[in-house]
Colleague: 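Dropping the structure in here first, questions after.
In the text below, chain A, chain B and the rest are named by the order of the sequence lines, each starting its count at 1.
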Amino acid sequence: MPSAYHPEQIEQDVYALWQSGGYFRAGRDTSKPPFSIVLPPPNVTGSLHLGHAWNNTLQDIIIRFKRMSGYDVLWLPGTDHAGIATQTRVEKTLREEEGITRHQLGREKFVERVWAWKQRYGGVITDQIRRLGASCDWSRERFTMDEGLSRTVREVFVRLYEKGLIYRGNRIINWCPRCETALSDIEVEHREVAGTLYRVRYPRTDGQGDVVVATTRPETMFGDVAVAVHPADARYQALVGKTVRLPLTDREIPVIADEYVDPEFGTGCVKITPAHDPNDFEVGMRHQLDMPQCIDSEGRMTALAGAYQGLTREEARHRVVEDLERQGYLVQREEITHAVGHCSRCDTVVEPLLSLQWFVRMQPLAEPALAAARDGRLRFVPERFTKVFEHWLENVKDWCISRQLWWGHRIPAWYCDACGEITVARTDPDRCAHCGSDRIHQEEDVLDTWFSSALWPFSTMGWPEQTPDLARYYPTNTLVTGYDILFFWVARMVFMALEFTGEVPFRDVVLHGLVRAADGRKMSKSLGNGVDPLDVIDKYGADALRFTLATGTTPGGDQRFQWERVEHARHFINKIWNASRFVLMNLPEGFEPQPLETLPLDLADQWILQRFAETVARVTEHLERYDFGEAGRALYDFAWDEFCDWYIEFAKHPLYHGDDQAKIRARTVLLTVLDGLLRLLHPFIPFVTERLWQYLPVAREVLAVQAWPKPTYPANGEAAVTRMRVVMEAVQRVRNIRAEYGVAPGKAITCTLRCDDETSLALFRETQDYIRRLIGAERIDLKLGGEAPAKAVSAVVSGATLDVPLADLVDLAAEVERLRKEEQRLVQEVERCQKKLANEQFVSKAPAHIVEAERAKLTDYEQRLAAVQERIRALEA
RNA sequence: GCGGCUGUAGCUCAGAGGGAGAGCACCACCUUGACACGGUGGGGGCCACAGGUUCGAUUCCUGUCAGCCGCACCA
């Protein structure tokens with residue numbers, strides 16, 4: 001075994017070992033209770049980023065924990081076809097490599113190309129997930145465009161349509177002129193940007209002056225069909241019903257009254273452009289106004305804009321403002337900041353556009369989802385997300401599901417050229433269901449990618465077929481995902497599942513945040529501050545990355561990525577490696593551990609076994625609550641501080657100087673704790689723990705399927721912890737003396753241990769071999785009471801005083817000074833305890849064990865204070 | 001406007017109703033028979049501010065200030 005851990009040498013082999021044994025396959029033992037998670041499917045064309053790495057690490061921790069805890073686990077992986085992203089990607093390749101557009105290629109050929117791309121690159125991200133160590137059941141891998149999943153999508157669409165929950169309608173939608181497709185509300189990111197509020201004069205046709213409207217989008221004026229004022233606005237009441245002339249055109253439009261207008265804002269007069277503004281659209285509907293479109297799907301001005309036709313929105317705005325100004329219509333410019341919608345995919349300014357699209361009627365679907373959140377069938381971790389979830393569903397608008405793309409599930413609707421009716425069917429029809437005509441053609445649009453993602457928990461298990469997997473593993477137990485897709489994905493899965501399976505798709509929703517750059521900013525391509533998880537794995541190993549991400553987890557929170565933390569995680573793993581090496585080096589060939597209860601455990605053994613049992617309990621509890629950070633930190637502390645720094649050091653005495661029985665005892669305890677520790681650590685750092693565990697004499701099969709430890713408390717464990725605390729303090733005190741007096745580490749000292757009573761004497765007699773080794777003493781003189789030796793430096797602990805004779809090194813004045821400080825500290829402690837105990841309220845109202853503990857502390861401090869004071873007197877005499 | 005999060009050591013962040021923690025950084029010492037990716041010792045914090053609840057608050061409640069994030073509106 002090398003003296004340092006080299007992840008690159010083992011990770012691939014270990015993963016292959018797991019794979020070849022089929023240990024990740026669900027259903028290996030169906031007598032166990034099932035536990036299932038579906039992996040949030042990453043974009044098939046994407047590559048792993050730190051967010052995925054985090055998300056996958058957390059899921060794998062749960063999955064491995066549950067697998068070891070006796071569940072038949074299913075972790076179902078897969079990828080998402082990611083409509084816009086994938087299409088854009090392939091279009092880019094076509095453009096760069098062949099200089100052609102998708103239109104030149106035609107729909108069918110283009111879609112073939114996308115499939116070819118998927119075949120070639122679709123495995124990249126799943127391979128990266130494997131490198132992380134994810135224990136997915138790859139035999140059940142799915143893709144949202146698979147035949148089976150496509151059938152689910154189709155079935156769902158048809159049923160929703162038949163139920164009247166899907167409709168086609170002319171609505172204002174968010175349109176991305178660059179992607180040339182509709183977007184749903186949540187695909188639009190609103191950002192505050194600097195803009196200008198223009199005040200424009202619209203002359204009254206009766207010659208009685210003007211109406212001044214305020215607008216940030218003067219270029220939409222060609223789509224104006226009215227000017228609206230508030231019905232109660234005294235300034236304008238006389239105006240309602242009059243008409244005004246639209247500048248730069250020869251059109252006249254009416255002034256109408258509508259409550260939507262805020263009299264306080266701008267001039268209190270609003271131009272109404274129903275085809276290009278959602279609010280204006282509502283006004284238009286109420287007043288049955290025309291809805292002419294002055295901007296087209298590429299973001300250019302239409303013929304309606306007259307001389308401005310063909311200009312982009314931006315160019316048109318510029319020119320319109322210029323012309324308005326030149327002709328005296330522009331009254332004022334005001335610099336303002338306002339929120340503008342941007343395409344979440346490409347960042348282009350979104351154009352609200354009146355357009356014929358397909359929608360899902362949300363209200364009937366939202367109600368059951370809300371109920372599930374409210375009555376606790378769905379449980380969010382952390383809990384505060386429940387409110388966010390509910391709030392969104394309470395205010396949700398109909399979901400625009402049609403996308404003007406070629407890559408995706410094509411909407412199964414056919415239009416009849418004869419009667420104009422729509423046929424929606426499970427199998428491709430060849431005639432119109434209404435008139436029987438064969439002159440039908442299929443809808444060109446595809447479905448929003450989130451439509452198929454929304455079905456993921458049950459589509460992947462074969463719904464609508466009643467498959468064995470669906471029966472056994474659905475509903476799933478837990479979903480782990482980032483809070484950023486709570487609405488996009490989680491909410492939609494919930495209402496779809498409730499509608500089609502009658503059950504919530506998962507019980508627990510565990511949400512985590514974002515991985516940010518070290519300075520706290522988001523990682524982004526434009527900032528160039530992204531970190532590739534594969535680079536991290538190459539440098540430090542997958543386990544180090546996993547441990548970093550897991551211990552950096554705080555429920556529902558973001559975390560910053562820092563290389564130093566990864567480095568530190570690797571140090572920790574290296575520590576585990578070397579602790580294991582130590583244990584293994586001290587096990588003779590063919591060593592067989594004895595049952596612990598048959599061995600005469602000493603105090604150190606009882607102590608570490610007790611602490612280990614407590615750690616098992618804590619880690620298990622934290623994992624049950626999905627508190628990954630706390631679980632990881634608890635393991636870190638136990639492994640490094642208690643097992644490595646103390647117990648292994650203790651164990652060296654019996655191992656090197658003990659008799660056979662002492663050796664067997666130490667070896668057994670070391671092996672027991674190491675075995676258990678590797679099990680506890682396995683969900684966090686699976687590669688190295690698997691590798692190490694394989695070396696253990698107790699190894700059979702693989703660690704990945706071994707049993708999760710149960711807390712086994714040794715006899716007298718709690719007492720051992722209390723007693724060992726004193727021993728460890730004694731060691732630390734003497735080490736401190738050595739350091740303060742500059743005693744060379746190699747130089748042996750002697751030490752007198754004066755005990756206050758028999759109890760204390762027994763404790764130190766029992767542990768003096770350990771203490772001697774750890775303080776570098778050649779001899780310890782144990783006594784009951786008595787005087788300190790001459791020229792000694794002293795440390796007082798509970799029940800005893802340690803005196804270290806240091807001859808000439810001792811400066812009496814300095815030593816008195818040192819003891820005075822200690823005295824002062826103890827006086828403060830004594831006073832604090834006394835004050836507390838003197839408070840009758842405290843004594844009568846605080847829990848008995850707290851009061852009792854306080855009394856015990858007081859006694860201890862008083863004794864120690866007396867000992868220190870006595871020592872000072874002796875030195876001063 | 002509505003909702004939420006955060007404020008703790010120089011930095012990054014845990015924590016919990018009964019004596020302030022970790023890592024990094026810093027200082028000193030150390031190749032001690034697992035590990036220098038290590039060991040030992042050490043310095044460093046009115047736990048943002050003000051009230052309240054409580055025998056006891058850094059922890060719970062309210063408010064203030066500061067930073068951040070959602071959602072809605074913004075002609």
Colleague: Using a heavy-atom cut-off of 4.0 Å across all strands, would you classify D645(A) as base, sugar-phosphate, or nothing?
Modeller: sugar-phosphate
Colleague: For A66(B), what is the paired nucleotide under Watson-Crick or G-U wobble rules, both distances under 3.5 Å?
Modeller: U6(B)
Colleague: Could you tell me whether I336(A) contacts a base, only the sugar-phosphate backbone, or nothing, with contacts defined as non-hydrogen atoms closer than 4.0 Å?
Modeller: nothing
Colleague: Provide the Watson-Crick or G-U wobble partner of G23(B), both distances under 3.5 Å; none if there is no partner.
Modeller: C11(B)
Colleague: With a non-hydrogen cut-off below 4.0 angstrom, is T554(A) in contact with a base, only sugar-phosphate, or nothing?
Modeller: sugar-phosphate
Colleague: Assess K539(A) against W563(A): is NZ or CZ under 6.0 Å from the centre of the six-membered ring, and within 45 degrees of the ring's axis?
Modeller: yes
Colleague: Which part of the nucleic acid does W563(A) contact within heavy-atom distance under 4.0 Å: base, sugar-phosphate only, or nothing?
Modeller: nothing
Colleague: What nucleotide among G39(B), A34(B), G41(B) has an atom nearest to a side-chain atom of W640(A)?
Modeller: G39(B)
Colleague: State whether the side chain of S524(A) and the backbone N or O of L527(A) hold a donor-acceptor pair below 3.5 Å, judged by distance alone.
Modeller: yes
Colleague: Does Y656(A) lie flat on the base of G33(B), that is, centres under 5.5 Å apart and planes under 30° off?
Modeller: yes
Colleague: Please name the nucleotide paired to G17(B) by Watson-Crick or G-U wobble geometry with both distances under 3.5 Å, or report none.
Modeller: none
Colleague: Identify the heavy atoms of R516(A) and D558(A) that sit nearest to each other, and give their distance.
Modeller: NE-OD2, 2.9 Å
Colleague: At under 4.0 Å between heavy atoms, what does E630(A) touch on the DNA or RNA strands: base, sugar-phosphate, or nothing?
Modeller: sugar-phosphate
Colleague: Is a donor-acceptor contact shorter than 3.5 angstrom present between the side chain of E649(A) and the base of A34(B)?
Modeller: yes
Colleague: Find the partner of U59(B): check Watson-Crick (N1-N3 plus N6-O4 or O6-N4) and G-U wobble (N1-O2, O6-N3) distances, both under 3.5 Å, and reply none if neither fits.
Modeller: none
Colleague: Counting any heavy atom closer than 4.0 Å, what does C644(A) reach on the DNA or RNA strands: base, sugar-phosphate only, or nothing?
Modeller: base
Colleague: Side chain of A846(A): nearest nucleotide among C29(B), C55(B), C73(B)?
Modeller: C55(B)
Colleague: Under 4.0 Å, counting only non-hydrogen atoms across every strand here, what does E564(A) touch: a base, just sugar-phosphate, or nothing?
Modeller: nothing
Colleague: Determine the contact category for R570(A): base if any of its heavy atoms lies under 4.0 Å from a base atom, sugar-phosphate if only primed atoms, P, OP1 or OP2 are that close, otherwise nothing.
Modeller: base
Colleague: Identify the two heavy atoms, one from R374(A) and one from E394(A), that lie closest to each other, and give their separation to 0.1 Å.
Modeller: NH2-OE2, 2.6 Å
Colleague: Can you identify which nucleotide, out of A34(B), G4(B), G18(B), has its nearest atom closest to the F582(A) side chain?
Modeller: A34(B)
Colleague: Cationic tip of R570(A) within the cone over F572(A)'s six-membered ring, i.e. under 6.0 Å and within 45° of the normal?
Modeller: no
Colleague: Using Watson-Crick or G-U wobble geometry with both distances under 3.5 Å, which nucleotide pairs with G44(B)?
Modeller: none
Colleague: I'd like to know if K575(A) reaches the base of C37(B) with its side chain, counting only an N/O donor and acceptor under 3.5 Å.
Modeller: no
Colleague: Which nucleotide in the list G38(B), G33(B), C73(B) gets nearest to the side chain of A339(A)?
Modeller: C73(B)
Colleague: So which nucleotide does A34(B) pair with, by the Watson-Crick or G-U wobble rule with both distances under 3.5 Å?
Modeller: none
Colleague: Tell me whether the guanidinium CZ or amine NZ of R735(A) lies under 6.0 angstrom from the six-membered ring centre of W646(A) and within 45° of its axis.
Modeller: yes
Colleague: Pick base, sugar-phosphate or nothing for V213(A), based on heavy-atom distances below 4.0 Å to the nucleic acid.
Modeller: nothing
